[in-house]
Amino acid sequence: MSLKPLVLPPAQPSQLPSGEPSGDTLVRRAPSSRPHPHLNVPAPWPQVRADLRLWIVLGDLAAVLVPVWALLLLGRADTALAVGVAGGGQVVLVWSMGGLGPGAVDHGRVPSGRLALCALLTCPVSLLAAQTLGAPRRACLLLLALQALLVLAGRVLEGSWLYRRRLEGHALRRTLVVMGPGAEPMMYQLRRFPGDGLLVVGYLSSGVGDSYDRPADPVRSAQHVASLVADERIDVVMTVGSVTPGDLLNIMRGLEGTPVRLLVAPGLQDVEPERMESVPVTHGWTGVVAVRTRRTRALGKAVFDRVAGTLLTVLAAPVIGLAALAVRLDSPGPAFYRQVRVGRGGEPFTLWKLRSMYVDADARRAALVSVGGDAGNEVLFKDRADPRITRVGHWIRRLSIDELPQLINVVTGEMSLVGPRPALPEEVAAYETEARRRLLVKPGLTGLWQVSGRSDLSWESTVALDRHYVENQGGGMDVRILARTVQAVLGGRGAY
């Protein structure tokens, strides 16, 4: 069979390399994979996957052997043997717990939690090996931790490399999408994140009517699916939307005996995988997806904000002081600027910032808004060449130093370290229903908007990011956002 029964997606603009939502940009139709160095033709995903698996295996073994080699060079053969046995056991345990599975190889995920658990479980082996071989126990435990860190570093390196290559259009998996009613939101999100590595080469439909506003042939039979998968060298079949049980059965039977992966999208939006769990039903004959609903954890977050905010305020005080002096010397007016913003539940509060504009900036805002800026969006006005910004203001905005006084708002409990952008009252007045969900949590000093482009984002992307945070907020997400904030501030993207 040929590709005729499939509907090909048209060529589309590429997504920004950040992999974050940025307005209406879509994923372009990319090449299937990197060229093979000898045949000068695209290498199929199974070959790329084998190379990635080999890279991970060799990296893990190197992480175990580097400390062993160092000990042998120092003449500590007994300690080297003990460390090698414990480290080897640790790596084998990681592999047996899925460390070489699809999550690690196909998606480049770093099994940090699994690795920490394996290191902990291997500690008794390390102590026993040290006692048996007469090696120092403390040194063996420390070197076991070092081996775990080296394994982690190798996995992070491999995952980052795979993500960057996919953004460039390499190491992609040829994907056949079967769409049912309600597939549009999921398809839109898939096409905004090329880092997932799914190259959609065609569509089939399921259920009544057309799917995703495209005419597509239906799933006819298991043989139909098997023929398409073989003829078009499909690596992944993904079902999106309300695919009928009969079509799902035909898809699964059509994939029997093949290495093709079947991905079933459950149709959930703004639900991270950590909130999903497979639960057996009907005496284990089948399963359903259990979803943990939104939780606030307000008390723990408030305590962390107060403690961390106080420490950061003390550390940032010299920087704030020097910047305030520069602001006063640069232009007439106070060093600090106060403005009413809207907090959790729609409660107004006074936000503190270092003044980065001239004192008449608020009076001149209406005139600038009427002209229109060259950045921001229909709700958040921004202008890269805003004439109201002072010389020092450009620098403190570029490095986000102007926002450091908001640590006072964090300490007083009006803001959080991580959360949606604090909004102006006139912005809140223009909110629709979805945008108002931003008010369910405290605004943050940083957030997904801060690490995803800030003023470069469209209003739809800003709302989507804040909604995703509101629905999935937790300690793990806050730590990831705080870590990425440093990179975003140094990069300066969207800071004006």
Side-chain angles (χ1 to χ4, degrees), residues 43 45-163 165-166 171 173 197 235-236 258-263 273-274 276-278 280 476:
W45 168 248
Q47 180 177 331
V48 177
R49 190 176 191 274
D51 293 342
L52 290 172
R53 184 190 290 267
L54 179 61
W55 177 357
I56 293 175
V57 170
L58 294 179
D60 290 351
L61 293 178
V64 172
L65 293 177
V66 164
V68 174
W69 289 333
L71 289 170
L72 290 175
L73 291 176
L74 294 174
R76 302 297 303 269
D78 51 349
T79 306
L81 182 57
V83 169
V85 169
Q90 175 181 237
V91 166
V92 170
L93 192 58
V94 171
W95 294 347
S96 65
M97 295 177 63
L100 294 177
V105 181
D106 295 14
H107 304 285
R109 289 201 295 264
V110 179
S112 53
R114 189 177 300 141
L115 182 59
L117 176 61
C118 292
L120 184 63
L121 294 176
T122 315
C123 284
V125 177
S126 178
L127 294 174
L128 180 60
Q131 182 177 0
T132 303
L133 298 170
R137 291 181 295 177
R138 181 177 299 179
C140 288
L141 290 175
L142 290 176
L143 289 172
L144 178 66
L146 175 62
Q147 289 170 324
L149 290 176
L150 291 175
V151 170
L152 180 64
R155 295 296 187 106
V156 170
L157 180 64
E158 185 272 340
S160 300
W161 178 88
L162 178 60
Y163 182 76
R165 293 293 286 170
R166 283 176 167 170
R173 295 169 289 173
D235 303 307
V236 174
T258 73
V260 178
R261 294 201 70 202
L262 173 61
L263 304 180
E274 291 78 8
M276 304 182 199
E277 181 184 3
S278 176

Would you mind writing out the side-chain donor-acceptor pairs for residues 117-139 within the sub-3.5 Å range, not counting sequence neighbours?
from: Thr122; atom 1: OG1; to: Cys118; atom 2: O; distance (Å): 2.5
from: Thr132; atom 1: OG1; to: Leu128; atom 2: O; distance (Å): 2.8

Nearest atoms (heavy-atom pairs only) where [X] meets [Y]:
X	Y	result
Pro67	Leu146	CG-CD2, 4.2 Å
Gly87	Val64	O-CG2, 3.5 Å
Arg261	His107	NH1-NE2, 3.5 Å
Arg49	Pro102	NH2-CA, 3.8 Å
Leu152	Ser112	CD1-CB, 4.0 Å

TODO: State whether the side chain of Arg53 and the backbone N or O of Leu100 hold a donor-acceptor pair below 3.5 Å, judged by distance alone.
DONE: yes

Task: Option from Leu141, Leu144, Leu71, Asp78 for which side chain to side chain contact (heavy atoms under 4.5 Å, CB included) with Val83 holds - done: Leu71

Can you tell me how far [atom2] of [Y] sits from [atom1] of [X], rounded to the nearest 0.5 angstrom?
X	Y	atom1	atom2	result
Gln47	Leu52	CD	CG	11.0 Å
Leu93	Leu115	CG	CG	10.0 Å
Ile56	Asp51	CD1	CG	11.5 Å

- [ ] Would you mind reporting whether Val105 and Trp55 have side-chain heavy atoms less than 4.5 Å apart?
- [x] no

Task: Val151 vs Val94 side-chain heavy atoms within contact, under 4.5 Å - done: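 Result no, sub-4.5 Å side-chain heavy-atom pair not found.
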
TODO: With sequence neighbours left out, write down each residue that passes side-chain hydrogen bond (donor to acceptor under 3.5 Å, both in side chains) with Arg155, or none if nothing qualifies.
DONE: Asp60

Task: Arg76 CZ: over 12 foreign heavy atoms closer than 6.0 Å - done: no

